[in-house]
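What follows is a short report on a single structure.
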Amino acid sequence: MERYEPETIELKWQDVWERERAFSVPNPGPGEMDERHTYVLEMLPYPSGELHMGHVKNYTLGDVLAHVRRRMGLRVLRPMGYDAFGLPAENAAIREGGHPRAVTERNIAAIREQMRRMGWAIDWDREVSTSDPSYYRWTQWIFLRFYEQGLAYRKEAPVNWCPNDQTVLANEQVIDGRCERCGAEVERRNLEQWFFRITDYADRLLDEMSLLESWPEHVLTMQRNWIGRSEGAEVVFRIEELDADIPVFTTRPDTLFGATFFVLAPEHPLVPELVRGTPHEEEVLDYARRAAGRSAIERADPEKEKTGVFTGAFVTNPVNEQRIPIWVADYVLMEYGTGAIMAVPAHDERDFEFARRFELPVKVVVAPPDDELEEGTYVPHSEDERLVDSAQFTGLPAEEGKRAIVEWLESRGLGKAAVSYRLRDWLLSRQRYWGCPIPILYCDSCGMVPVPDEDLPVLLPEVDEYLPKGRSPLAAAEDWVHATCPRCGGEAHRETDTMDTFVDSSWYFIRYCDAKNDGAPWSREIADYWLPVNQYIGGVEHAILHLLYARFFVKVLNDLGLLGFREPFLRLFTQGMIHYLGAKMSKSKGNVLSPDDLIATYGADSVRLYILYMGPAEDDIEWQDTGIDGMARFLGRLWRLGLEAAERGPVDVPADGPLVRRAHAAIAKVSDDILRRFQFNTPIAAVIELVNETYHVKDDPARAGEVRFAAETAVSLIQPYAPHLSEELWERLGRERLWEEPWPQADPALLERETFELVVQVNGKVRDRVEVPVGLSDPELLARAKELPRVRAHVDGKEIRKEIVVPGKLVNLVV
RNA sequence: GCCGAAGUGGCGGAACUGGUAGACGCGCUGGACUCAAAAUCCAGUGGGGCCACGCCCCGUGCGGGUUCGAUCCCCGCCUUCGGCACCA
């Protein structure tokens, strides 16, 4: 018999699919706008190298889903593109040596070939690359719309600087004080940079989570933590000496009477003023300078003892007119709240630690009712606490106390209820070459001027030296930098920073809908037809970064009237990572598996099957070298089964029979697992079982019809996983175009059973099983159970105290 | 420290709504075919015990609880992984 040779079959069908543009899905025409459709999207790859096993898993998952949904009769959008601008691609170019464009194009070509070789059913007519002028023209266009709304702005602020990548980073790109991409310790620098006002959308990013259909709870939690909304109050403290008011943010206005000192962040702008000409000036400024020089990691070290200096100045607590000393300490962060705090050591662990170190008073103002007050100690938060020693508020429960004190402050103009967020505005400018130019001009007389829409795209200039050097390499392109002001016609120069790559990827899923449109980024009608994405699939590493940014973009674009929906991704699935030899795969560890090698050895179908068979798709899993052998063996079995059925020729398929019923059970199981449970490993096991059972009776001539039906069903069900082999067998079985064949339907009548195995327990322990007809009454089932000898051995001579019958399943006798 | 997820054979995992624990695959053992090997096919495979071809006991991280019945629900621990972390 002809051997199963994956490579021959796979190349053949890949050619067919490409020739026929088999998976291209045109946009609906005017009369088709109500057609049933779905958008299956996987996160697009960075072309910073070739595809790795994580991509293989990601895109195979999406592929299975897209195949099944298409065969269910839906119009399925399943596009692909490349996140080609940005640090990953540029660093790859520097590593490999070569111009970023050349290296990126080479990587894209390699990835495209790998995708083709995996047999993924992609609509290649919508392919998009974010570094292509036809794409980034619209990234710039969107930027200008944000700019017009005041949502893109420039300001000087302390920012994160990566000394290795020689650029600033967004907060989201700093992990434990280190650069997300290269691991270098980031530095603080005061620089003028471009920001997106994502903080304006903080509440909507939280509240509109309710519009999502299905996101993993841990991703929502991560986003909530990242946004970090806290409710409290802003309270104004007065510095008489400077005739100035300093607001602080607190979540505990109920502890206001317990404020015994006050702390400013070292970077607080009032610090120099406060100490000018005083004996404390030198010491305080010196402390502020040293704090500025410390890295974020050093400053946040929880082991470190708290440091600080007294300024010699005092503020007045608005609730009791008490004057409390002002300190400067680096445990107060300039970026959060107002950069100043009221310190309540009795009710805040950090303030308590500081108070002990510098021998400052500790005053308890909130405590459980019967607590014996011990002054000078830390009193942790408790459920039933009430205010003590707090003038007219004494005795109120803490929650009521908060409200009452805030009201009192508001009525006197000394404070107000306030909300604070951990989220910062998104720093989007980068001092790197390989990115989307920011379409802004600086005119000597008009100031900052946006590039008019009709002048887009602002093309990325060619430069000789694109290596990072701390300021944008674009500045070296002098001809490009020099421009004419579109307003006054005078001299102007271009913004030379480029955009963060996450800007590019915040709207690519919209462009896919209308990828060839050169008059607009998309047609709203088309975008509203396909979007929001019904199923998004990708790695959990983007839980905050990309997924938060894309949600923000869609909300803004919705406000601008450019989109008719507010959330981009209704359902999100985060796949687990693939480990190899006990660790995450990485080049430095030398434990990288190459998809190409695996395809060469086993064929794409076996790789596709095994990557999903290994375990639940959301779990991290360990790749086992021998595991894939099982998939190759299974496909070999199915191959022989199919060929033998094909050779036997057409036979009548009986309407019923044990194997026919098994096949229908498999249809039900596979469909339910994929479509309802989103579980991709167990369907494979179900088809393997069907094939094994069929294999055992394949040579029985009396059952040829059943065997044929079971074999065809197995081929059809495994098509989303192993499309090449399935297509080949389908053709040899005298059929064609399995990828367009309607998804099989299980006949409910054939899923019904005439008998079932009744489990009989005594005291909850299984003692016997017996095959009985479906539909017996409870007393009949009990009677059957009690007849069984093994049951009698445990029951005879004892009194049956209770009888439990679970219809269709089991009987439990309690003695 | 706070928040979240997970712990099941030699291994990856299955058990969907509280109802047969270990589906399916890997590995391993024995057998068939073969001069031999590969491939393929068949059978077995959680641990222990015995009056051993059938039955008994134990068994889903640990200790309790609820229930006729718990991998599943509740309480308390342990371990691992992930996120946040001087955020006032």
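Letters go in sequence order (proteins before strands), and every chain restarts at 1. Quick note: numbers below take in every heavy atom, side chains included, and nothing from hydrogens, waters or symmetry partners.
Residue-level contact check: A/Val540 touches neither bases nor backbone, having no heavy atom under 4.0 Å from any strand. Looking at heavy-atom distances under 4.0 Å, A/Glu803 makes no contact with the nucleic acid at all.
Nearest nucleotide to the side chain of A/Tyr695, out of B/rA88, B/rU40, B/rG83: B/rU40. Among the nucleotides B/rG25, B/rA43, B/rC24, the one closest to any side-chain atom of A/Glu689 is B/rC24.
Comparing B/rA21 with B/rG7, their C1' atoms are spaced 16 Å from each other, to the whole Å. Taking the C1' atoms as reference points, B/rU60 lies 10 Å from B/rG9, given to the whole Å. Rounded to whole Å, the C1' atom of B/rG49 lies 14 Å from the corresponding atom of B/rG59. Nucleotides B/rU79 and B/rC62 have their P atoms positioned 15 Å apart, rounded to a whole Å. Distance noted for atom P between B/rA14 and B/rU8: 11 Å (whole Å).
The side chain of A/Arg633 contributes an N or O atom lying less than 4.0 Å from OP1 or OP2 of B/rG27.
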Between N or O atoms, less than 3.5 Å apart, protein on one side and nucleotides 55-59 of chain B on the other: list the pairs.
unit_1	atom_1	unit_2	atom_2	d
B/rC55	OP1	A/Arg790	NE	3.1
B/rC55	OP1	A/Arg790	NH1	2.9
B/rC55	OP2	A/Arg790	NH1	2.5
B/rC56	OP1	A/Arg767	NH1	3.2
B/rC56	OP1	A/His794	NE2	3.3
B/rC57	OP1	A/Arg767	NH2	3.3
B/rC57	OP2	A/Arg767	NH1	3.1
B/rC58	OP2	A/Lys765	NZ	3.2

Under 3.5 Å, which protein N or O atoms sit close to an N or O of nucleotides 64-71 of chain B? Give each pair with its distance.
unit_1	atom_1	unit_2	atom_2	d
B/rC68	OP1	A/Lys802	NZ	3.0
B/rC68	O2'	A/Asn812	ND2	3.4
B/rC68	O2	A/Asn812	ND2	2.4

Protein and nucleotides 9-13 of chain B: nitrogen or oxygen contacts under 3.5 angstrom:
unit_1	atom_1	unit_2	atom_2	d
B/rC11	O2'	A/Gln624	OE1	3.0
B/rG12	O4'	A/Gln624	NE2	3.0
B/rG12	O2'	A/Met614	O	2.6

For nucleotides 2-4 of chain B, which of its nitrogen or oxygen atoms have a protein nitrogen or oxygen under 3.5 Å away, and what is each distance?
none

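Listed by first and then second residue, the salt bridge (Lys or Arg N to Asp or Glu O under 4.0 Å) pairs that reach into residues 671-681 of chain A are A/Lys669-A/Asp673, A/Asp672-A/Arg676, A/Asp673-A/Arg677, sequence neighbours excluded.
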Cut-off 3.5 Å, no hydrogens considered: what does the side-chain donor-acceptor table look like for residues 418-425 of chain A, sequence neighbours left out?
unit_1	atom_1	unit_2	atom_2	d
A/Tyr421	OH	A/Asp203	OD1	2.7
A/Tyr421	OH	A/Asp203	OD2	2.7
A/Tyr421	OH	A/Arg229	NH1	3.3
A/Arg422	NE	A/Asn225	O	3.4
A/Arg422	NE	A/Trp226	O	3.2
A/Arg424	NE	A/Arg422	O	3.2
A/Arg424	NH2	A/Arg422	O	3.4
A/Asp425	OD1	A/Ile198	N	3.1
A/Asp425	OD1	A/Thr199	N	3.0
A/Asp425	OD1	A/Thr199	OG1	2.7
A/Asp425	OD2	A/Tyr153	OH	2.5

Dot-bracket encoding per residue of RNA chain B, Watson-Crick/G-U cut-off under 3.5 Å, | denoting interstrand: (((((((..(((......[....)))((((((.......))))))(((((...)))))..(((((..]....))))))))))))....

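Rounded to whole Å, atom C1' of B/rC42 lies 13 Å from atom CG of A/Asp699.
For the ring pair (Phe, Tyr, Trp, His ring centres under 6.0 Å) test, residues two or more places apart in sequence or in another chain that qualify with A/Phe352 are A/Tyr378. Take A/His794 and apply the ring pair (Phe, Tyr, Trp, His ring centres under 6.0 Å) test, not counting sequence neighbours, and it matches no residue. Partners of A/Phe634 according to the ring pair (Phe, Tyr, Trp, His ring centres under 6.0 Å) rule, which considers only residues two or more places apart in sequence or in another chain, do not exist here. The ring pair (Phe, Tyr, Trp, His ring centres under 6.0 Å) check on A/Phe680 picks up A/Phe678, with sequence neighbours excluded. Under the side chain to side chain donor-acceptor pair (under 3.5 Å) criterion, A/Glu787 pairs with no residue at all, not counting sequence neighbours.
Between A/Phe358 and A/Phe261, the ring center distance fails the sub-6.0 Å criterion.
Side-chain to base pairing of A/Arg422 with B/rC84: no donor and acceptor N or O lie closer than 3.5 Å to each other.
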